[in-house]
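Quick notes on the structure that follows.
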There are 2 protein chains.
Amino acid sequence: MSTRSAEPIDPVALEVVELIGDVVARYHEEYDEAASRHSLTGAQARVLGLLSLEPMPMRRIARRLKCEPSNVTGIVDRLEARGLVERRPDPSDRRVKLAAVTDRGKDTARLLRDSLDFAREPLAGLTVAERALLRDLLRRMLGEETP
Amino acid sequence: MSTRSAEPIDPVALEVVELIGDVVARYHEEYDEAASRHSLTGAQARVLGLLSLEPMPMRRIARRLKCEPSNVTGIVDRLEARGLVERRPDPSDRRVKLAAVTDRGKDTARLLRDSLDFAREPLAGLTVAERALLRDLLRRMLGEETP
DNA sequence: ACCTGGTTACTTGACAACATGAAACATCCA
DNA sequence: TGGATGTTTCATGTTGTCAAGTAACCAGGT
């Protein structure tokens with residue numbers, strides 16, 4: 001997996017990595033702030049956002065969050081205690097519990113998305129063409145093929 | 001602070017935001033994995049990295065981490081218990097304690113940096129010119145002026 | 001010079017959220 | 001029936017907040 005680079009490290013690459021660090025910091029800052037504006041923690045907001053797309057078994061949430069399933073139990077517990085999420089039985093498998101947003105949860109998730117300024121603010125300084133360029137570069141950096 | 005956009009949202013901007021989400025996820029994945037390869041948590045690795053550049057009063061660490069100073073006490077406690085960091089008095093102000101990496105801490109910090117593949121791996125697919133372009137776009141996106 | 005009061009730096013304590021791992025339980029499936 | 005899977009519970013550790021406490025700095029004013 002890890003490329004043992006014998007090549008001298010490109011100073012521009014280092015700058016890019018530094019900038020990505022800044023992007024990550026900024027992303028979290030804004031995300032957590034948006035979450036706490038709705039009295040949610042980052043993890044809770046993340047799960048709520050996931051479930052607002054489609055109901056999902058606990059197991060799958062854990063995979064998305066890259067954490068243990070036992071952890072998800074607690075997070076969903078807290079969301080459920082606040083009426084944002086509910087557990088439903090899965091008709092096709094009585095072992096699994098589907099976590100699904102309630103109506104209130106759906107509203108909250110929408111508000112959360114809207115209050116996430118990261119989508120608009122930092123990109124405002126770029127032209128449409130530059131955004132497209134940025135998109136393509138990020139795609140290739142992430143190794144996603146553009147078929 | 002937040003731009004109340006009346007304008008319809010640029011679909012390309014949404015794609016970029018999605019990609020940035022991917023970048024953030026990937027960044028964390030690699031960072032935490034590198035940290036746990038050395039039996040460190042993410043926060044511990046972060047502080048160790050900070051201190052490997054220069055010793056720093058607790059207060060400043062807290063500001064960099066954007067958390068309460070009381071939290072830093074615990075993190076430095078754990079790093080100190082493992083001999084990676086030590087507290088020194090500040091000669092110019094007896095209230096402050098300077099956290100500084102030990103020799104072992106410095107070694108660990110270097111190993112940590114080296115094993116952080118994010119610097120090389122994902123940028124490998126880009127040419128030098130493209131990296132420079134990406135750097136400039138990220139800079140402008142983050143609102144840093146290039147004087 | 002000597003308090004005195006306000007500020008700053010750090011720690012401690014209580015508590016909540018997150019995270020892991022092991023063990024328990026019900027359910028599925030070959 | 002026996003092994004695998006999905007969820008929860010429990011014990012434990014780390015990270016985070018906030019309030020309170022201690023020590024030290026730094027103004028004044030007398």
Side-chain angles (χ1 to χ4, degrees), chain A residues 24-25 28-29 31-51 55-82 84-100, chain B residues 24-25 28-29 31-51 55-82 84-100:
Chain A
V24 171
H28 264 109
E29 213 174 311
Y31 195 91
D32 287 352
E33 191 190 318
S36 77
R37 231 176 281 142
H38 298 273
S39 307
L40 292 172
T41 65
Q44 287 164 8
R46 177 107 191 274
V47 170
L48 192 62
L50 268 182
L51 297 180
M56 205 176 281
M58 309 293 282
R59 190 84 191 161
R60 188 130 61 95
I61 302 177
R63 266 193 294 268
R64 292 297 227 90
L65 259 56
K66 292 188 199 308
C67 70
E68 300 300 316
S70 60
N71 192 14
V72 178
T73 299
I75 298 173
V76 170
D77 279 350
R78 286 177 277 269
L79 286 172
E80 195 169 27
R82 295 182 38 187
L84 301 175
V85 153
E86 62 179 8
R87 285 170 164 95
R88 300 180 192 153
D90 180 340
S92 70
D93 187 337
R94 279 182 304 167
R95 288 171 303 178
V96 348
K97 286 171 190 167
L98 295 174
Chain B
V24 171
H28 264 110
E29 211 174 314
Y31 196 91
D32 288 351
E33 191 190 319
S36 77
R37 230 176 284 140
H38 298 274
S39 307
L40 293 171
T41 65
Q44 287 163 9
R46 179 106 191 274
V47 170
L48 192 63
L50 268 182
L51 296 181
M56 204 175 281
M58 310 292 282
R59 189 85 190 161
R60 188 129 62 94
I61 302 176
R63 267 193 294 269
R64 293 296 228 88
L65 260 55
K66 291 190 200 307
C67 71
E68 300 300 315
S70 60
N71 193 14
V72 178
T73 299
I75 298 173
V76 170
D77 278 351
R78 272 157 235 139
L79 287 172
E80 196 169 26
R82 293 181 41 187
L84 302 174
V85 153
E86 62 179 7
R87 285 169 165 96
R88 300 180 192 153
D90 181 339
S92 69
D93 187 336
R94 279 181 304 167
R95 289 173 302 178
V96 349
K97 287 171 189 164
L98 294 174

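Order of the sequence lines sets the chain letters (A, B, ...), proteins ahead of strands, with each chain counted from 1. Being a predicted model, the structure only gives us computed values, none of them experimental.
One can find a donor-acceptor pair under 3.5 Å joining the base of D:dT5 and the side-chain atoms of A:R95. Scanning atom types as modelled, no donor and acceptor separated by under 3.5 angstrom connect the side chain of A:R94 and the base of C:dT27. Judged by distance alone with a 3.5 Å cut-off, no donor-acceptor contact links the side chain of A:S70 to the base of D:dC10. Interface remark: the B:T41 side chain does not form any donor-acceptor pair with the D:dG13 base, using a distance-only criterion of under 3.5 Å.
Heavy atoms of A:R60 sit nowhere under 4.0 angstrom from any nucleic acid atom. Base engagement by B:N71 is indicated by at least one non-hydrogen atom pair under 4.0 Å involving a base atom. Across all strands, B:R87 comes closer than 4.0 Å only to sugar-phosphate atoms, never to a base (heavy-atom distances).
Residue B:K97 places none of its side-chain N or O atoms closer than 4.0 Å to OP1 or OP2 of D:dA23. Regarding contacts with the backbone of C:dC10, every side-chain N or O of B:T73 stays at 4.0 angstrom or more from both OP1 and OP2.
The nearest whole Å value for the distance from the NE2 atom in B:H28 to the C1' atom in C:dC18 is 14 Å. Rounded to whole Å, the distance from CG on B:L65 to C1' on D:dT17 is 14 Å. Atom C1' of nucleotide D:dG16 and atom CZ of B:R78 are separated by 11 Å, given to the nearest angstrom.
A salt bridge does not link B:R82 with B:E80: none of the charged nitrogens is closer than 4.0 Å to a carboxylate oxygen. With salt bridges taken as basic N to acidic carboxylate O contacts below 4.0 Å, none links B:D32 and B:R37.
B:S36 places no side-chain N or O within 3.5 Å of a backbone atom of B:S39 that could act as its donor or acceptor partner.
Within 6.0 Å of CZ in B:R64 there are 12 or fewer heavy atoms belonging to other residues, nucleotides or ligands.
Nearest to the side-chain atoms of B:Q44 among the listed nucleotides D:dA24, D:dT7, D:dT15 stands D:dT15.
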